[in-house]
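First up is the structure itself, then whatever we jot down about it.
Every chain is numbered from 1, with letters handed out A, B, ... down the list of sequences. Only this structure's heavy atoms are used, side chains among them; waters, hydrogens and symmetry mates stay out.
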Amino acid sequence: MFNEKSYQPQEFEKNIYKFWEEKKYFSANVDKNKKPFCIIMPPPNVTSQAHIGHALDMTYQDVLVRFKRMQGYSALWLPGADHAAIATETKLVAKLKSEGKTKEQIGRAAFDKEAWDWYNYYGNRIMTQFKELGFSADWDKYRFTMDKQSTDAVLEAFIRLYNKGLIYRGTRQTHWCVSCKSVISDDEVVYSEEQGNMWHIKYPFADGSGHIIVATTRPETLFGDTAVAVNPKDKRYKNIVGKMLKLPLTNRQIPIIADSYVESDFGTGMVKITPAHDPNDYEVGKRHNLEFISVIDKEGKLTANAGKDFIGMQIKEARAKVEELLKEQGLLEKVEPYKHSVGHCERCKTAIEPMITEQWFVKMKDLVKPAIEVVKNGGLKIHPKRFEKNYFHWLNNIQDWCISRQIWTGHRIPIYYCDNCKNVIASKAMPTKCDKCGHTHFTQDSDVLDTWFSSALWPFSTLGWPNKTELLDYFYPTSVLVTGYDILTQWATKMVYMGFECAGQTPFKNCLIHGLVRDEFGRKMSKSLGNGIDPLEVSEKYGADALRIALIKDMALGMDSRFSMSKVDSARAFINKIWNASKFVSLHNNDIELLSLDNIRLENKDKWILTKLSDTIKTITTNIEKFDVGLALTNVMNFALNDFCDWYIELCKPSIYSGGVSKQNTVSVLSFVFDNVLKLLQPFIPFVTEYIYQNIKLFDKASSVMISAFPAPIKVTSYKEAYMLQENIIEAIKQIRNTKADLSIASNQKPQTYYEGQLDNAGLNQIQKLANIEFVTEKVHGNIVYTKVGDFIIADQSKDIKELKADLSKEIERIKFEISRSSNMLSNPRFVEKAPKQLVESEKEKLLENQRTLSNLLKKLNSL
RNA sequence: GGGAGUUUAGCUCAGCUGGGAGAGCAUCUGCCUUACAAGCAGGCGGUCGUAGGUUCGAGCCCUACAAUUCCCACCA
């Protein structure tokens with residue numbers, strides 16, 4: 001018997017989870033008798049512990065997996081973690097620094113060991129946290145982007161793409177982070193508005209015929225200028241194009257060139273061109289065959305090209321010195337404050353330096369074609385659909401992907417250079433002999449791969465690719481990818497084109513996009529604001545189930561949500577309600593032999609709740625299948641709270657208290673419906689539903705609610721009449737309660753009530769109990785409640801005939817208004833013609849019924 | 001500069017192919033009714049951002065405007 005005082009999740013959640021794990025309920029395998037359903041967990045970065053955003057993302061997935069598992073699919077949720085190369089390296093370097101060490105001091109091998117300790121520590125920690133939140137991933141299949149299987153896939157993919165000519169090495173203008181000492185990709189640069197200065201500098205003509213003025217935010221790059229450009233259509237400067245300028249602070253001369261990149265109306269309409277340190281200037285430089293002079297090195301210091309006085313100087317220092325010298329020489333026109341956007345490294349926030357470096361790239365143009373096509377032809381559906389626009393925009397404008405990084409954390413690029421002839425060999429392991437010169441010594445490329453390279457392979461590397469495994473064959477393409485809109489373009493797109501390239505198919509058939517979790521004021525959660533919420537803290541205090549509800553309830557697809565403790569509170573209140581309902585069910589069914597539905601003579605209330613239940617099952621199923629998990633949860637909560645707890649349990653009480661067969665029947669239906677409630681709630685709040693399920697008596701119970709069959713709709717077509725009658729009784733109860741409140745009769749007072757109508761005793765008993773009134777056989781003086789199941793006169797001596805007549809007239813007016821509304825609609829020929837037939841019919845019915853009611857009321861008014 | 005959202009009750013948000021405006025929280029009133037005071041019952045509260053348009057009918061479709069959030073591009 002289930003009779004524990006109150007809901008204390010701390011007391012059972014851990015044990016329930018242990019039970020599930022011991023029973024291996026999460027493990028999903030190739031089963032030809034079942035249909036596959038598969039979600040690959042987006043691997044959290046091992047940079048820190050799990051945050052509330054993970055909790056949301058994973059809860060979505062857990063709901064889907066638990067639902068599909070109950071529906072009889074072989075439902076695999078494959079977990080894993082990501083090494084997050086640059087991000088982790090930043091943390092590792094900081095950790096070493098705090099110990100007074102640098103990575104160069106300890107060397108690459110020791111650094112690798114440090115990295116693995118870190119991976120293991122945070123990887124374990126995150127997964128432990130996920131278990132506390134109840135996530136039903138198949139932990140035995142846990143993968144890590146740096147593990148052997150994943151590394152194998154990375155090497156294989158790299159070599160295949162290299163051999164196809166899709167990976168190449170090139171010298172490009174790239175974003176350099178002087179702090180990470182690595183190139184970073186376009187995606188890893190974040191721009192922010194910064195207050196800086198605009199320096200207006202005089203560039204004298206070489207022939208001494210005066211000067212021009214150029215404006216710049218980076219005067220220290222002047223040493224790398226190889227031209228000044230104007231717009232070819234700019235009439236002001238037509239005559240000077242081709243003239244030579246004397247570059248200040250140097251002995252060099254540079255030409256004035258014309259290029260349409262320059263906007264005439266910006267500044268002076270003249271731009272200094274520094275091809276080695278500005279992406280746009282780089283393009284201009286290529287078009288005009290300009291010299292590329294590097295003046296800033298990878299440490300962020302000026303090079304020899306900047307001249308003796310500046311060599312080795314930090315950028316800021318150099319900037320001040322340039323300003324000082326220009327001023328001395330009378331070449332500084334003016335300096336004015338200027339706000340502009342500056343790129344920063346996503347990880348360490350250092351201002352990035354555009355710089356020409358040699359890197360590895362993936363050729364994108366052809367690679368992305370199938371990824372675009374698959375969304376167009378519906379092979380991959382993005383939910384909600386509007387995110388397709390972002391997806392297409394991204395892929396249509398994609399640039400070659402820079403995949404090399406000058407750091408140590410990550411997969412080493414599988415390229416070997418012959419020490420003798422510099423021959424380049426792509427190979428998974430150190431080659432033994434050069435195929436060109438026969439030399440036997442090689443040096444591996446020192447760079448590692450962008451962390452996204454391995455995550456791009458995630459949906460199939462986790463399933464065993466490049467090997468042809470059974471898992472891959474059965475579960476690939478996977479069913480759905482669940483992720484936030486913030487990494488749709490950065491990550492999801494990469495998996496799709498690599499999926500086609502490597503595994504020949506889309507990696508997932510659906511992509512579910514959700515929003516971000518914000519704080520209760522709508523701000524992003526961040527460390528600097530200190531407004532982050534630790535999901536574990538919440539779950540330990542209020543239960544994982546309450547947290548799960550608080551996260552996804554009322555959450556519309558693709559929309560941001562605000563998290564607040566008041567949501568957790570109301571979620572817990574709901575769970576507590578279910579807890580108490582189970583106590584009620586258990587209290588009454590414990591010593592009763594439960595019957596199956598086929599062996600029960602159903603009462604109206606039973607047919608009513610079964611109809612509601614069946615409708616709810618249909619709605620929930622549809623909504624989860626549409627991936628609208630938030631709405632599905634609202635559906636089931638409404639049913640459990642309103643229909644089941646508020647009404648059905650109360651409607652059952654008269655039958656239960658009367659005992660005998662009536663009690664046995666009622667308790668059996670009650671148990672059946674509650675059984676269904678637990679099953680419907682299981683995907684959302686697995687702990688408490690399991691705990692109750694284990695401890696309560698039910699007809700034909702499975703060993704766990706999480707592996708029981710998800711409820712299917714019930715055949716209820718023949719219940720329609722009973723259902724309507726019960727609906728009308730409920731409506732009447734509400735009206736009577738309402739009237740009692742109007743009359744200031746306390747809810748615990750039972751006013752004498754006289755009834756005129758055709759209801760049977762069962763119905764009247766329900767009304768007497770739920771509206772808390774006392775039926776009398778002699779007509780009383782009082783307020784009349786007009787309902788669809790008859791009139792109820794509630795004794796009230798304070799009302800005289802006049803007031804009663806006024807009440808009645810008010811009711812008559814209301815009905816008249818309804819009648820005029822309906823007849824107006826129905827007398828509009830265009831409404832009758834164009835509106836759906838059902839709607840017209842129901843409007844006609846309403847009109848007829850209201851007309852009947854009106855004539856009854858008028859009769860009553862006359863008789864008063 | 002280009003694009004996408006959002007705007008509905010005091011707060012947080014639902015609202016399906018257009019067919020009588022919803023929930024939770026908050027607030028107010030009455031209740032310790034044998035599942036539940038972490039509760040029950042009832043109430044208050046909305047020209048659905050503004051202005052036009054389409055339609056028999058608009059929170060929903062179209063146009064413009066306003067406020068706000070985000071994404072992309074990166075301005076010398």
Side-chain angles (χ1 to χ4, degrees), chain A residues 2-3 6-7 186 189 191 198 214-218 229 261-263 266-274 278-281 338-343 384 386-387 389-390 393-394 397 485-486 488-489 515-516 518 520 522 553-556 558-564 566-567 569-588 619 622-623 626 628 630-631 634 637-638 641-642 645-646 649-650 653 657 734 737-738 740-742 744-750 769-772 818 821 824-825 828-836 838-840 842-843 846:
Chain A
F2 186 88
N3 189 23
S6 62
Y7 170 55
D186 295 356
V189 180
Y191 291 88
M198 183 75 92
V214 298
T216 180
T217 53
R218 309 254 347 234
Y261 149 67
V262 181
E263 283 171 42
F266 190 96
T268 55
M270 305 191 113
V271 190
K272 70 194 248 328
I273 300 296
T274 321
D278 182 281
N280 290 306
D281 294 5
Y338 184 70
K339 221 179 208 175
H340 60 139
S341 88
V342 180
R386 67 183 142 90
F387 285 104
K389 282 192 180 166
N390 298 26
H393 182 259
W394 181 270
N397 293 289
Y485 59 71
D486 50 332
L488 168 70
T489 48
L516 263 40
R518 297 171 174 277
E520 59 183 318
K553 171 99 196 304
D554 283 339
M555 180 125 175
M559 301 294 295
D560 286 354
S561 66
R562 298 187 188 193
F563 186 83
S564 66
S566 85
K567 287 187 182 182
D569 276 332
S570 65
R572 191 181 49 158
F574 168 77
I575 296 169
N576 191 49
K577 186 80 180 174
I578 297 299
W579 186 271
N580 285 313
S582 67
K583 273 161 68 176
F584 178 83
V585 174
S586 191
L587 181 70
H588 294 106
T619 318
T622 320
N623 283 329
K626 283 197 296 193
D628 201 338
L631 189 54
T634 305
M637 281 173 72
N638 283 343
L641 221 48
N642 303 333
C645 289
D646 288 353
I649 284 186
E650 297 303 324
K653 284 178 181 173
Y657 297 150
K734 286 184 184 170
R737 283 173 176 170
N738 200 315
K740 275 178 69 180
D742 279 352
S744 300
I745 300 171
S747 52
N748 62 342
Q749 296 297 306
K750 299 181 183 180
K769 169 93 179 113
L770 270 68
N772 213 28
E818 290 295 315
R821 194 189 141 271
N824 277 344
M825 278 175 89
N828 182 341
R830 276 174 290 195
F831 171 74
V832 180
E833 227 172 86
K834 293 182 178 177
Q838 270 189 331
L839 193 74
V840 179
S842 80
E843 210 54 50
K846 266 189 229 167

For the side chain of [X], starting at C-beta, report the closest nucleotide among [options].
X       : options                   : answer
N738(A) : rC25(B), rG39(B), rG42(B) : rG42(B)
A573(A) : rA76(B), rG39(B), rA35(B) : rG39(B)
L631(A) : rC36(B), rU69(B), rA14(B) : rA14(B)
D646(A) : rA41(B), rA76(B), rA38(B) : rA41(B)
A556(A) : rC25(B), rA14(B), rA35(B) : rA14(B)
H588(A) : rA35(B), rG30(B), rG19(B) : rA35(B)
A746(A) : rA38(B), rU69(B), rC31(B) : rC31(B)

[atom1] gap between [N] and [M], integer Å:
N       : M       : atom1 : result
rU27(B) : rU12(B) : C1'   : 16 Å
rG30(B) : rA21(B) : P     : 32 Å
rA23(B) : rA14(B) : C1'   : 7 Å
rU68(B) : rC74(B) : C1'   : 23 Å
rA41(B) : rC48(B) : C1'   : 30 Å
rG59(B) : rG15(B) : C1'   : 9 Å
rC13(B) : rG18(B) : P     : 26 Å

Classify the nucleic acid contact of [X] as base, sugar-phosphate or nothing, counting any heavy atom under 4.0 Å across all strands shown.
X       : answer
P836(A) : base
A835(A) : base
N748(A) : sugar-phosphate
K653(A) : base
R821(A) : base
Y338(A) : sugar-phosphate
I649(A) : base
E818(A) : base
M270(A) : base
A581(A) : base
M559(A) : sugar-phosphate
T634(A) : nothing
E843(A) : nothing
S570(A) : sugar-phosphate

Check [X] against [Y] and note the closest heavy-atom contact, atom names and distance.
X       : Y       : answer
V214(A) : T268(A) : CA-OG1, 4.1 Å
R737(A) : A771(A) : CG-CA, 4.3 Å
F387(A) : L488(A) : O-CD2, 3.7 Å
D281(A) : K272(A) : OD2-O, 3.4 Å

So, is [X] near the phosphate of [N], with a side-chain N or O under 4.0 Å from OP1 or OP2?
X       : N       : value
K389(A) : rG3(B)  : no
K834(A) : rC56(B) : yes
K567(A) : rC11(B) : no
N397(A) : rC72(B) : no
N580(A) : rG39(B) : no
K734(A) : rA41(B) : no

Take the protein atom [atom1] of [X] and the nucleotide atom [atom2] of [N], then report the distance between them rounded to whole Å.
X       : N       : atom1 : atom2 : answer
L516(A) : rU6(B)  : CG    : P     : 16 Å
K769(A) : rC40(B) : NZ    : P     : 15 Å
L770(A) : rU34(B) : CG    : P     : 14 Å
R830(A) : rC56(B) : CZ    : P     : 5 Å
R562(A) : rU6(B)  : CZ    : P     : 15 Å
M637(A) : rA23(B) : CE    : C1'   : 10 Å
M825(A) : rC56(B) : CE    : P     : 14 Å
D560(A) : rG5(B)  : CG    : C1'   : 10 Å

N/O donor-acceptor pair under 3.5 Å between [X] side chain and [Y] backbone:
X       : Y       : answer
K567(A) : R562(A) : yes
K740(A) : Q749(A) : yes
N580(A) : N576(A) : yes
S586(A) : K583(A) : no

task = Inspect the surroundings of NZ in K750(A) and state if more than 12 heavy atoms from other residues, nucleotides or ligands are less than 6.0 Å away.
result =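 It does not: K750(A) NZ has 12 such atoms or fewer within range.
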Which nucleotide, if any, forms a Watson-Crick or G-U wobble pair with [N], using both distances under 3.5 Å?
N       : answer
rU55(B) : none
rC44(B) : none
rU6(B)  : rA67(B)
rU12(B) : rA23(B)
rC60(B) : none
rA35(B) : none
rA73(B) : none

note = By nearest-heavy-atom nucleotide on RNA chain B, the more 5' of N642(A) and D186(A) is N642(A)
Considering only nitrogen or oxygen atoms on both sides, find all protein atoms under 3.5 Å from nucleotides 57-61 of chain B and state each distance.
none

inquiry  = Working to the nearest 0.5 angstrom, can you tell me the gap between D560(A) CG and R518(A) CZ?
reply    =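 Nearest 0.5 Å value for the CG-CZ distance: 4.5 Å.
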ask   = Nearest 0.5 Å, what's the CE-OG1 distance between M637(A) and T634(A)?
value = 7.0 Å
query = Do S341(A) and rC74(B) have a side chain to base donor-acceptor pair shorter than 3.5 Å?
reply = yes
